[in-house]
Student: 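Dumping the structure here so I can ask a few things about it.
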Amino acid sequence: QRRVHGEFKSEREVQNSHTSTQMKHVAAYLLAVLGGNESPSAKDVQEILSSVGIEADSDRLNKLVSELKGKNVHEVIAAGRTKLQSLPSGGAAAPAAAAAPAAGAGKSEAKKEEPKKKEEEPDEDMGFSLFD
């Protein structure tokens with residue numbers, strides 16, 4: 001456990017807090033871009049965060065702004081999507097499983113059962129709110 005702002009927190013809680021803080025900084029940066037500021041400064045992002053009562057972490061914010069300086073955010077997002085598409089998603093097993101019943105289809109056509117469709121779960125906030 002680590003002491004953070006006078007409270008003891010587990011490593012997981014500390015990590016979740018850092019991730020949440022990073023996402024708030026990124027969200028505020030993107031809001032500035034959507035508002036027409038193609039290259040927001042740390043001050044611009046800090047003003048957005050403070051307008052909703054969030055204290056910015058200046059070290060993380062400066063790092064974010066410096067890493068995105070001179071880059072088109074839309075191109076950065078597109079590059080990230082391309083990288084995500086190259087990751088395995090676990091879908092490769094489904095075609096193999098579908099091919100297996102086809103091999104023995106002549107024997108047991110009467111035993112075919114439709115797999116039950118799992119109901120979609122509602123989107124959840126993943127344990128944190130954007131501006132908490």
Side-chain angles (χ1 to χ4, degrees):
Q1 287 192 345
R2 292 192 333 190
R3 190 177 182 117
V4 178
H5 301 291
E7 298 179 32
F8 286 101
K9 297 190 175 196
S10 70
E11 289 298 319
R12 184 179 191 108
E13 288 174 314
V14 171
Q15 181 64 33
N16 286 343
S17 173
H18 290 308
T19 301
S20 176
T21 301
Q22 288 173 322
M23 293 304 295
K24 290 173 186 176
H25 288 90
V26 170
Y29 187 93
L30 293 174
L31 283 171
V33 172
L34 287 172
N37 186 347
E38 288 296 319
S39 184
S41 68
K43 184 180 178 201
D44 297 331
V45 176
Q46 193 168 15
E47 286 176 6
I48 292 171
L49 291 171
S50 66
S51 73
V52 291
I54 297 173
E55 185 178 330
D57 180 335
S58 60
D59 292 336
R60 291 179 187 273
L61 183 55
N62 289 331
K63 183 178 180 185
L64 171 70
V65 171
S66 69
E67 288 181 5
L68 293 173
K69 188 174 185 170
K71 296 180 182 176
N72 181 312
V73 174
H74 304 289
E75 292 173 2
V76 171
I77 292 171
R81 283 188 184 151
T82 302
K83 287 180 183 179
L84 285 174
Q85 289 173 349
S86 69
L87 294 175
S89 63
K107 297 179 191 174
S108 60
E109 291 230 339
K111 289 187 176 183
K112 276 189 179 177
E113 289 183 17
E114 289 288 324
K116 292 182 182 178
K117 291 186 178 181
K118 185 178 177 182
E119 289 186 47
E120 291 185 337
E121 296 181 37
D123 290 340
E124 295 188 19
D125 64 356
M126 296 174 54
F128 64 90
S129 175
L130 184 60
F131 292 108
D132 277 319

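Sequential numbering from 1 along the given sequence is applied to the chain's residues.
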Student: What closest approach, in Å, do Asn62 and Ala42 show between heavy atoms, and which atom pair accounts for it?
Tutor: OD1-CB, 3.4 Å
Student: Checking Ser39 now: which residues fulfil side chain to side chain donor-acceptor pair (under 3.5 Å) with it, not counting sequence neighbours?
Tutor: none
Student: What residue among Leu61, Ile54, Asp57, Ile48 forms side-chain contact (heavy atoms from CB on, under 4.5 Å) with Lys24?
Tutor: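 For Lys24, the side-chain contact (heavy atoms from CB on, under 4.5 Å) test succeeds with only one of Leu61, Ile54, Asp57, Ile48, which is Ile54.
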Student: Would you tabulate the side-chain donor-acceptor contacts of residues 67-75 under 3.5 Å, counting partners in other chains and residues two or more places apart, or write 'none'?
Tutor:
from: Lys71; atom 1: NZ; to: Glu67; atom 2: O; distance (Å): 3.2
from: Asn72; atom 1: OD1; to: His74; atom 2: N; distance (Å): 2.8
from: Asn72; atom 1: OD1; to: Glu75; atom 2: N; distance (Å): 3.3

Student: Among pairs that include at least one residue of residues 45-56, which meet side chain to side chain donor-acceptor pair (under 3.5 Å), considering only residues two or more places apart or in two chains?
Tutor: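 Every candidate side chain to side chain donor-acceptor pair (under 3.5 Å) pair involving residues 45-56 fails, so no pair, neighbours aside, qualifies.
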Student: Judged by atom type as modelled, is there a donor-acceptor pair below 3.5 Å linking the side chain of Asn37 to the main-chain atoms of Val33?
Tutor: no
Student: So, Asp44 side chain and Ser41 main chain: donor-acceptor pair closer than 3.5 Å or not?
Tutor: yes
Student: Please report the interatomic distance NE2(His25) to OG(Ser58), rounded to the nearest 0.5 Å.
Tutor: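 Here the rounded value is 8.0 Å.
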Student: Distance from Leu49 atom CG to Leu31 atom CG, nearest 0.5 Å?
Tutor: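 So the CG of Leu49 and the CG of Leu31 are separated by 9.0 Å.
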